[in-house]
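Each ligand, and each atom within it, is numbered from 1 in the order the structure gives.
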Amino acid sequence: MASVVEVHEELGSTQERARELAHAGKPHGTLVVAEIQTGGRGRLGRHWGSPKGGLWMSLVLRPGFDASLAPRITQTAAVGVAKALWEVGVDARIKWPNDLLAGGKKICGILAESSAGYVTQAVMGKPLDYVILGVGMNANLDPSGLGVHNREVTTIRSELGHEVDLLELLRALLSNLDAELGRIQDFRAVLEDWRNLNCTLGEKVRIRRFGETIEGRAVDLTAEGALLLSTPQGTVELFEGEVEHLKKGDETGGLLESGRT
Ligand code: BTN
């Protein structure tokens with residue numbers, strides 16, 4: 001990791017810059033970090049508030065494996081990011097598929113995009129040239145500075161009560177990502193750690209994907225990292241979706257709005 005490093009005071013999006021570098025042929029491990037992103041992006045093209053104090057970074061990965069293994073990258077990266085957060089003292093939990101929570105609030109988001117688009121089942125069977133792995137870590141910030149609903153997000157500073165050394169955090173991230181991605185072929189072992197670090201399994205959840213909303217209980221991950229959801233209509237296997245953990249009384253029961261956006 002960090003074979004080539006670019007550090008920017010301000011950038012539109014590290015994700016876009018890393019993609020440019022990937023197209024220019026830069027090697028596996030190329031790292032782009034920005035103190036501020038003016039056009040930070042989350043999943044589904046959403047705005048990602050990226051003021052000074054956060055750790056906004058993207059890595060060019062050239063995984064060297066078949067594209068059929070691409071869906072494993074998000075879960076594998078989530079394990080690495082969770083372990084890095086634990087190393088700096090944050091009790092972080094993985095919310096499937098790509099969020100890290102602390103105290104039930106989002107502290108970090110992961111965005112894995114391949115040469116063929118989002119890293120999902122859709123890219124299987126196509127050659128995998130590169131993956132851009134973006135990590136947005138709410139570090140030395142006030143949650144109110146992130147431009148989202150305060151109750152839904154947290155920061156490392158809020159959780160620890162003090163600032164974190166961003167270089168130490170970056171080192172922890174890179175070494176844990178390197179270690180986890182290095183054993184992606186042994187995905188059973190990665191998933192074992194994922195199960196120990198997650199906060200989704202066992203929860204009642206509402207999932208929105210492709211215009212439908214499904215409710216059920218998250219029961220397990222498949223061998224390839226898809227979420228198994230037990231619903232009144234049977235077990236559903238999901239490779240992506242927006243997950244909401246339901247509190248008691250929130251659930252409406254089963255498949256809600258199939259086919260509607
Ligand atoms: C999400 O939870 O929706 C994923 C958020 C990913 C944000 C990071 S910040 C660094 C990189 N650059 C971007 O524009 N996005 C990712």
Side-chain angles (χ1 to χ4, degrees), residues 1-2 5-23 26 29-61 71 73-82 84-85 92-102 104-114 117-120 130-141 143 145-149 152-156 164 166 169-170 172-174 177 198-200 205 207-209 227 239-245:
M1 293 292 162
V5 181
E6 271 195 9
V7 181
H8 297 261
E9 278 181 18
E10 191 174 301
L11 196 63
S13 161
T14 58
Q15 206 72 359
E16 304 319 326
R17 180 62 188 146
R19 188 182 292 274
E20 279 171 21
L21 294 174
H23 281 154
K26 293 290 187 234
T30 296
L31 171 69
V32 182
V33 186
E35 280 190 61
I36 297 170
Q37 292 186 117
T38 51
R41 276 195 304 108
R43 283 174 78 220
L44 309 171
R46 290 188 186 129
H47 168 72
W48 181 264
S50 317
K52 198 173 163 80
L55 181 56
W56 321 122
M57 56 164 268
S58 299
L59 278 166
V60 176
L61 304 178
I73 289 178
T74 300
Q75 268 71 49
T76 306
V79 170
V81 174
L85 278 163
R93 299 279 152 190
I94 303 166
K95 179 182 167 212
W96 189 89
N98 69 330
D99 290 346
L100 275 298
L101 307 188
K105 299 177 183 180
K106 184 157 171 172
I107 197 163
C108 174
I110 296 171
L111 185 63
E113 296 171 308
S114 78
Y118 284 112
V119 174
T120 68
Y130 62 81
V131 171
I132 307 297
L133 182 68
V135 178
M137 186 71 82
N138 303 336
N140 299 328
L141 293 156
L146 289 165
V148 279
H149 206 295
E152 293 164 8
V153 293
T154 189
T155 68
I156 296 182
V164 66
L166 289 180
L169 177 63
L170 180 60
L173 275 170
L174 293 176
L177 285 171
N198 93 94
C199 60
T200 297
V205 296
I207 300 192
R208 294 185 178 83
R209 55 145 203 186
L227 184 66
F239 271 89
E240 63 181 328
E242 286 296 291
V243 179
E244 185 186 343
H245 289 179

Examine distances only and state if a side-chain atom of [X] and a backbone atom of [Y] form a donor-acceptor pair shorter than 3.5 Å.
| X | Y | answer |
| --- | --- | --- |
| W56 | P51 | yes |
| E10 | T38 | no |
| T74 | P97 | no |
| N138 | T154 | yes |
| T200 | N198 | no |

- Under 3.5 Å: N/O of W48 near N/O of ligand 1: no
- Task: Could you tell me whether some N/O pair between W56 and ligand 1 is separated by less than 3.5 angstrom?
- Result: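 No, there is no polar N/O contact under 3.5 Å.
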Give the numbers and elements of all ligand 1 atoms closer than 4.0 Å to a heavy atom of [X].
| X | answer |
| --- | --- |
| D99 | 2 (O) |
| M57 | 10 (C), 11 (C) |
| K106 | 1 (C), 2 (O) |
| G40 | 14 (O) |
| S13 | 12 (N), 13 (C), 14 (O) |
| I110 | 4 (C) |
| G42 | 1 (C), 3 (O), 4 (C), 5 (C) |

With a 4.0 Å cut-off on heavy atoms, is [X] in contact with ligand 1?
| X | result |
| --- | --- |
| M137 | no |
| S50 | no |
| R46 | no |

[atom] - nearest protein heavy atom and its distance:
| atom | value |
| --- | --- |
| atom 15 (N) of ligand 1 | R41 O, 2.7 Å |
| atom 8 (C) of ligand 1 | G136 N, 3.7 Å |
| atom 9 (S) of ligand 1 | Q37 NE2, 3.4 Å |
| atom 3 (O) of ligand 1 | R43 N, 2.7 Å |
| atom 11 (C) of ligand 1 | T14 OG1, 3.2 Å |

- Measure the CG-CD distance between D99 and E242 for me, rounded to the nearest 0.5 Å.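 One gets 8.0 Å once the value is rounded to the nearest 0.5 Å.
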- Task: Please round to the nearest 0.5 Å and tell me the distance separating atom CD1 of I107 and atom CG of L100.
- Result: 8.0 Å
- Item | Criterion salt bridge (charged side-chain N to carboxylate O under 4.0 Å, His left out) on E6 and K26, from CA distance to verdict | CA-CA 12 Å; E6 271 195 9; K26 293 290 187 234; over 6 Å; no
- Part of L44 with heavy atoms under 4.0 Å of ligand 1, whether side chain, backbone, both or neither: neither
